[in-house]
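Report on the structure given below.
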Amino acid sequence: MNEQIPVIRDVDRGTAKLMPDVDRDRAWLLTVDGAPQSYVDLDEPTHLEFEYARRLAHVVDCFADEGAPLAVLHLGGGALTLPRYVAATRPGSRQDVVEADRGLLDLVTEQLPLPDDAGVTLHAADARSWLEAAPDASVDVLIADVFGGSRVPAHLTSVEYAREARRVLRPGGVYAANLADGSPFAFLRSQLATFAGVFTELALIAEPAVLRGRRFGNAVLVASGQEIDTARLARRAAGDAFPARVEYGATLTRFTGSARRVTDTDAVPSPVPPDGSFSIG
């Protein structure tokens, strides 16, 4: 067996590093400027190492019958972990991936190529700009996992952005975003308030310790124009190797509190994570 060696390359928005997992053949961790971005097992694309990726996958799994192909738009590419997962679990799906860092896309497709039949189209573009040009009612699922370094960019947090996301979703479609925050949750609460002004149904998936304010961490926001199957989603999240809670309804309204919607004129990025929140040794 050939020993895998790390791959380090300057990309458009920092220094990317692909590090092999010594415990799994053909599995890789992608970092950019030291911050973990993605984990991919080329031989087992359904293996999801990161907690937030598993929770985004729960949303996809609960959206439609097992194996049914979907039209999925991914804002943010990384190492294409979730597109690989959807291609493996829902053959025949049509997927578009929008990643602003062309150099990163080149690195990933060169070192971690997608299967020829994956049905994934890659676009080197700004997520908001691409979304604004996308056709109405064209996707079943929209997954937003965009971080500039370790922060969600401001232009992907506003009510104007949320309206664009709603526009491109088909009736009954679902939006899922990976966010990050910590107590007192000013950013997360503002995102809930913002999306509640555009979508009629919301849910939030997060580890209890994060929701209780004990540590900074990821939370997945789920939004739809139709009822979300929160019971099914909660069962999946609670039964996961990394258990999480699903908050919705009155509980989520109380959590949101008096937070105000964000517009393009006052949007700010998600907060800077405390030292050590997402870095690796």
Side-chain angles (χ1 to χ4, degrees), residues 1-61 69-70 72-124 127 141-150 176-178 180 218 220 240-242 278-281:
M1 181 184 302
N2 294 327
E3 182 179 356
Q4 305 281 8
I5 60 173
V7 178
I8 302 173
R9 184 178 299 175
D10 289 333
V11 293
D12 298 356
R13 304 196 173 190
T15 300
K17 187 174 184 179
L18 283 170
M19 293 179 287
D21 186 338
V22 297
D23 295 321
R24 299 178 72 94
D25 293 339
R26 292 185 9 108
W28 298 82
L29 172 68
L30 168 67
T31 67
V32 177
D33 290 339
Q37 299 290 322
S38 304
Y39 179 99
V40 168
D41 187 328
L42 296 178
D43 291 333
E44 192 177 345
T46 58
H47 174 78
L48 302 176
E49 187 79 8
F50 290 173
E51 298 173 22
Y52 80 82
R54 298 169 75 93
R55 290 163 193 159
L56 289 169
H58 294 333
V59 176
V60 178
D61 291 343
L70 298 172
V72 184
L73 171 58
H74 304 262
L75 301 181
L80 310 176
T81 302
L82 282 168
R84 298 173 201 269
Y85 177 88
V86 173
T89 58
R90 297 179 177 274
S93 293
R94 174 181 59 81
Q95 301 187 77
D96 288 283
V97 178
V98 184
E99 169 58 56
D101 193 324
R102 182 182 295 274
L104 182 61
L105 271 182
D106 291 343
L107 171 66
V108 169
T109 54
E110 172 191 313
Q111 299 292 326
L112 311 174
L114 287 163
D116 292 337
D117 60 351
V120 177
T121 304
L122 306 179
H123 310 272
V141 180
L142 197 169
I143 297 173
D145 184 17
V146 183
F147 281 77
S150 297
N178 178 31
N218 295 95
V220 170
D240 191 79
F242 303 101
F278 299 129
S279 62
I280 58 175

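Residue numbers start at 1 and run along the sequence shown.
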(message) For a 4.5 angstrom cut-off between non-hydrogen side-chain atoms, does Leu30 reach Val40?
(response) no
(request) May I ask you to test the Val86-Leu70 pair for a side-chain heavy-atom distance under 4.5 Å? (result) no
(message) On a heavy-atom basis, which atom in Ala87 and which in Ala118 lie closest, and how many Å separate them?
(response) CB-O, 3.6 Å
(message) Quick check: do Glu51 and Asn218 have side-chain heavy atoms less than 4.5 Å from each other?
(response) no
(request) Evaluate the side chain to side chain contact (heavy atoms under 4.5 Å, CB included) criterion for residues Arg13 and Val32: first the C-alpha distance (whole Å), next the side-chain angles of each, then the deciding distance (0.1 Å), finally the verdict. (result) CA-CA 8 Å; Arg13 304 196 173 190; Val32 177; 5.7 Å; no
(message) Once rounded to the nearest 0.5 Å, what's the spacing between atom OG1 of Thr121 and atom CG of Leu73?
(response) 11.0 Å
(message) Distance check, rounded to the nearest 0.5 Å: Leu82 atom CG versus Leu48 atom CG?
(response) 6.5 Å
(request) Could you list the residues that satisfy side chain to side chain donor-acceptor pair (under 3.5 Å) with Gln95, not counting sequence neighbours? (result) His74
(message) Would you say that Gln4 contacts Trp28 through its side chain, given a criterion of any heavy-atom pair below 4.5 Å between the two side chains?
(response) yes
(request) Heavy atoms only: give me the nearest Ala176-Leu56 pair and the separation to one decimal. (result) CB-CD2, 3.8 Å
(request) Would you name the heavy atoms of Val60 and Arg90 that are closest together and state the gap between them? (result) O-NH2, 3.3 Å
(request) Quick one: closest heavy-atom pair of Pro113 and Leu42, and the distance? (result) O-CD2, 4.5 Å
(message) Check this for me, if you would: do Arg9 and Glu110 make a salt bridge, where the nitrogen-to-carboxylate-oxygen distance has to be below 4.0 angstrom?
(response) yes
(message) Taking the side chain as everything from C-beta on, heavy atoms only, tell me whether Tyr85 gets closer than 4.5 Å to Asp61.
(response) yes
(request) Could you please spell out the steps behind the side chain to side chain contact (heavy atoms under 4.5 Å, CB included) verdict for Leu122 and Glu99? (result) CA-CA 8 Å; Leu122 306 179; Glu99 169 58 56; over 6 Å; no
(request) Give the minimum heavy-atom separation between Gly78 and Val108, together with the two atoms involved. (result) O-CG2, 3.5 Å
(request) Measure the CG-CG distance between Leu104 and Leu80 for me, rounded to the nearest 0.5 Å. (result) 8.5 Å
(request) Output yes when a side-chain donor or acceptor of Asp33 lies under 3.5 Å from a complementary backbone atom of Thr15, and no otherwise. (result) yes
(message) Would you say that more than 12 heavy atoms from the other residues, nucleotides or ligands in this model lie under 6.0 Å from the CZ of Arg94, or not?
(response) yes
(request) Determine yes or no for a side-chain-to-main-chain donor-acceptor pair under 3.5 angstrom, with Asp12 supplying the side chain and Arg102 the backbone. (result) yes
(message) Counting C-beta onward and ignoring hydrogens, is there a side-chain heavy-atom pair between Val59 and Arg55 closer than 4.5 Å?
(response) no
(message) Using 0.5 Å steps for rounding, measure from the OG1 atom of Thr46 to the CG atom of Asp41.
(response) 8.5 Å
(request) Could you tell me which non-hydrogen atom of Phe147 sits nearest to which non-hydrogen atom of Ala180, and how far apart they are? (result) CE2-CB, 4.2 Å
(request) Could I get the full list of side chain to side chain donor-acceptor pair (under 3.5 Å) partners for Asp117, not counting sequence neighbours? (result) none
(message) Looking at Asp43 and Arg26, is there a salt bridge between them, counting it only when a charged N and a carboxylate O are closer than 4.0 Å?
(response) yes
(request) To the nearest 0.5 Å, tell me how far Glu49 CD sits from Asp21 CG. (result) 6.5 Å
(message) Taking side chain to side chain donor-acceptor pair (under 3.5 Å) as the definition, give me every residue that meets it alongside Asp240, ordered by chain and number, with sequence neighbours left out.
(response) Arg54, His58
(request) Starting at CG of Leu29, measure out to CZ of Arg24 and round the result to the nearest 0.5 Å. (result) 13.0 Å
(request) Could you tell me how the ring of Tyr39 sits relative to the ring of Phe50: parallel (under 30°), tilted (30 to 60°) or perpendicular (over 60°)? (result) tilted
